Asker: 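Let me begin by handing over the structure; questions about it come next.
Predicted model, so just to flag it, every value in this text is computed and none were measured. Below, chains carry the letters A, B, ... as their sequence lines are ordered, and counting in each starts from 1.
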Number of protein chains: 2
Amino acid sequence: MPLKHGLLGLLNYQNTTGYELNKSFKESLNFFWKAQTSQIYRELSKMENEGWLVSERIVQHKRPNKKVYSITDSGKKELDNWLNTNESLEWITLRSEFLLKLFFSDEKSKQENIDYVKQYKSKCQEAMLSLEATGAIIAKHSEALGDPEKAFYWEQTAIFGYMYYEMCLKWADTVIMKMEEK
Amino acid sequence: MPLKHGLLGLLNYQNTTGYELNKSFKESLNFFWKAQTSQIYRELSKMENEGWLVSERIVQHKRPNKKVYSITDSGKKELDNWLNTNESLEWITLRSEFLLKLFFSDEKSKQENIDYVKQYKSKCQEAMLSLEATGAIIAKHSEALGDPEKAFYWEQTAIFGYMYYEMCLKWADTVIMKMEEK
DNA sequence: TGGGTCATGTAACCTGTTACATGATTAG
DNA sequence: CTAATCATGTAACAGGTTACATGACCCA
C-alpha cells in the first residue's frame, strides 16, 4: 500500500492536515506517484483506525474546521518496516495508454500515426518543463534546510524523470523517422 | 477504460475466450499494460452487456465449458472511436514504488541505499531479457503473417521498453557513483 | 456583484488485486 | 502415486477516479 506509506513518510517530517498533505504530495511525489485528494483523506482515516496516526480537530472560524494528523510510534515502525523490506516491492512498472493505442494503430494512416507520435513528443516536452520547475523547488528546500544533501534523493528522483523524458523524445524521433520511410 | 479497449483490439483479430485472451494479453500487451485474469473476465461480461461483444457457450467434456467471444459492429465502432480520439488520453504516466521509497531513504545508511539501487539494476536487467524474448515472439508472428510490416508498431513498443530499461540502468549507475562519493 | 479559487472535505462508482474452486492431464 | 499445471472461471476486498458540498475571500 505505497500511498499510505508515502503519506506516513510526509507525516514523519511534520504534523499536518489532509489538505496540506495533498499539496505537499503534489509538489514532491506526484511525478512518480499520483494521488487523488479524496484518496488521501480516505487513507488518512484508515491509517488512524490502524493506529498509525492520531488526529486533533482544530476548530476554525472563517475556514472549515480541520484535522491535524500526527504519526504514532506504531506508524513510525510501519514506515520503517516498509522502507526496509523489499519483498513484494514492484520494482518496475510501466503503463502507457499511449503505447497501447500505438500497438493497435496498424490500420490507421501513416500520417495519422506520425501526428499521434508528434503529439506525444509535445506532452513529453511539457512534462520536462514542469520537472524543471520541480528542480527549482528542490533547490529552495535544500537552501532552506541549509544542507544540500538533505534533498539528495529527491533530486535523484527528479533526474530520473528528466532522463526518462529525454529517452521518450529520442524514441519518438526514431519512430517518426521510421514511419516516414515506410 | 483502456483495458476494455485493449481486449476489443485483440478480439478484433479473432474470436476467442477469456482464457486465451489472458494469454495473448500477457504475451503482447503486458509489458505496458497489466491485467489480472479476473479483471479480464469481468470486463468481458461488462462489454457483452454493453453490446460490444456477443458470446457463444461451447460445451466441452474433459475441459470446463468455455465461452467464445466475438466483437460486434458496435464494438468495432467503439474500438475505432477509442483509437481516433485522444481527448482524455493519459499520454504519460510514471508510477514507481521504487522511486517513492528512494525519496524517503535519507535516514538509511549509504550502503543500504547502494544495495537498494543495485537490486533495482538487476530487476531492470531481468526485464530486458524478457523483452528480448518478446522480440523473438514478434519476429515469429511477422514471419507467420508473411508481412514484416504487420508487426511494425508492436516492435516499436518493444523498442520503447528496451530504451527504457537502458535508461534506467544508466541512471542507476550515475546514482550509485554519486552515492559512493558521499 | 458575480465568478473563480481557497480551505476543508464526503459519496458513489469503477478498476485492480488476492484468494479460491474444480476436474483433467502431465511430470517426476 | 502424488504434486504441479492446465483450462476454465467466481467472489471479496482494496485502491483509484469523478463528482459534488459549503462558506469565506479575491479579482475584474
Side-chain angles (χ1 to χ4, degrees), chain A residues 1-8 15-27 29-30 32-50 52-53 55-69 82 87-90 93-97 100, chain B residues 1-8 15-27 29-30 32-50 52-53 55-69 82 87-90 93-97 100:
Chain A
M1 326 168 249
L3 172 54
K4 286 196 176 69
H5 294 94
L7 294 169
L8 277 180
N15 304 342
T16 181
T17 65
Y19 184 82
E20 291 297 327
L21 276 168
N22 187 31
K23 284 203 297 185
S24 317
F25 207 98
K26 298 216 169 359
E27 259 188 24
L29 311 175
N30 200 238
F32 51 86
W33 203 275
K34 315 276 174 224
Q36 246 42 55
T37 310
S38 58
Q39 217 182 333
I40 290 178
Y41 288 111
R42 189 177 49 195
E43 296 308 316
L44 286 171
S45 34
K46 281 196 201 166
M47 286 192 281
E48 191 172 12
N49 290 339
E50 291 285 323
W52 301 351
L53 304 178
S55 68
E56 190 190 357
R57 173 155 293 278
I58 310 280
V59 177
Q60 300 186 118
H61 337 281
K62 312 282 173 171
R63 301 253 170 294
N65 297 339
K66 65 184 180 181
K67 238 178 169 170
V68 176
Y69 285 95
W82 174 68
E87 320 287 323
S88 91
L89 168 60
E90 270 208 60
T93 12
L94 207 40
R95 174 192 176 107
S96 166
E97 189 178 356
L100 187 61
Chain B
M1 325 168 252
L3 171 54
K4 286 196 176 71
H5 294 93
L7 293 169
L8 276 180
N15 304 341
T16 180
T17 66
Y19 184 83
E20 291 297 325
L21 275 168
N22 188 31
K23 285 202 297 186
S24 316
F25 207 98
K26 298 215 170 358
E27 259 188 25
L29 311 175
N30 201 239
F32 50 88
W33 202 275
K34 316 275 176 225
Q36 247 41 54
T37 310
S38 58
Q39 217 182 333
I40 290 178
Y41 287 111
R42 189 177 48 194
E43 296 309 316
L44 287 171
S45 35
K46 281 197 200 166
M47 287 192 281
E48 191 171 13
N49 289 341
E50 291 285 323
W52 300 352
L53 304 179
S55 68
E56 191 189 357
R57 173 154 294 277
I58 310 280
V59 177
Q60 300 185 116
H61 338 282
K62 311 282 175 171
R63 300 256 171 292
N65 297 340
K66 64 183 179 180
K67 237 179 172 172
V68 176
Y69 285 94
W82 175 69
E87 321 287 325
S88 91
L89 168 60
E90 270 208 61
T93 12
L94 207 39
R95 174 192 177 108
S96 166
E97 189 178 358
L100 187 62

Asker: Give, for atom OG of A/Ser55 and atom CE of A/Met47, the distance between the pair rounded to the nearest 0.5 Å.
Answerer: 11.5 Å
Asker: Using whole Å, report how far CD of A/Glu20 lies from P of C/dA7.
Answerer: 7 Å
Asker: Rounded to whole Å, please give me the gap between CG in B/Asn30 and C1' in C/dG16.
Answerer: 14 Å
Asker: Taking the side chain as every heavy atom from C-beta outward, state whether B/Glu48 and B/Lys67 have any pair of such atoms under 4.5 Å apart.
Answerer: yes
Asker: Is there side-chain contact between B/Leu53 and B/Leu8, with at least one heavy-atom pair below 4.5 Å?
Answerer: yes
Asker: What is the nucleic acid contact for A/Lys67, judged by heavy atoms within less than 4.0 Å: base, sugar-phosphate only, or nothing?
Answerer: sugar-phosphate
Asker: Measure the spacing between CG of A/Leu94 and CZ of B/Phe32 and express it to the nearest 0.5 Å.
Answerer: 9.0 Å
Asker: Which residues pass the ring-ring contact (aromatic ring centres under 6.0 Å, His included) test with B/Trp82, sequence neighbours left out?
Answerer: B/His5
Asker: If you measure from OG on B/Ser24 to CG on B/Asn30, what distance do you get to the nearest 0.5 Å?
Answerer: 11.5 Å
Asker: Starting from the 5' end of DNA chain D, give me the residue, B/Gln60 or B/Glu90, whose nearest nucleotide shows up first.
Answerer: B/Gln60
Asker: Could you point out which residue of A/Thr16, A/Thr17, A/Thr37 forms a side chain to side chain donor-acceptor pair (under 3.5 Å) with A/Asn22?
Answerer: A/Thr37
Asker: Below 4.0 Å from chain B heavy atoms, what is the first contacting nucleotide of DNA chain D and what is the last?
Answerer: D/dC6 to D/dG16
Asker: Quick check on DNA chain D: between B/Gly18 and B/Arg95, whose nearest nucleotide comes earlier from the 5' end?
Answerer: B/Gly18
Asker: Any side-chain heavy atom of B/Tyr19 within less than 4.5 Å of one from B/Lys66?
Answerer: no
Asker: Shorter than 3.5 Å, N or O on both sides, protein versus nucleotides 11-14 of chain C: list them out with atom names.
Answerer:
residue: C/dA11; atom: N6; partner: A/Ser38; partner atom: OG; Å: 3.4

Asker: Return the value, rounded to whole Å, for the distance between atom NZ of B/Lys34 and atom P of C/dT18.
Answerer: 13 Å
Asker: Quick check: do A/Lys4 and A/Leu7 have side-chain heavy atoms less than 4.5 Å from each other?
Answerer: no
Asker: Specify the separation, in whole Å, of atom CD of B/Glu97 and atom C1' of C/dG16.
Answerer: 15 Å
Asker: Rounded to the nearest Å, what distance is computed from the CG atom of residue B/Asn22 to the C1' atom of nucleotide C/dT17?
Answerer: 14 Å
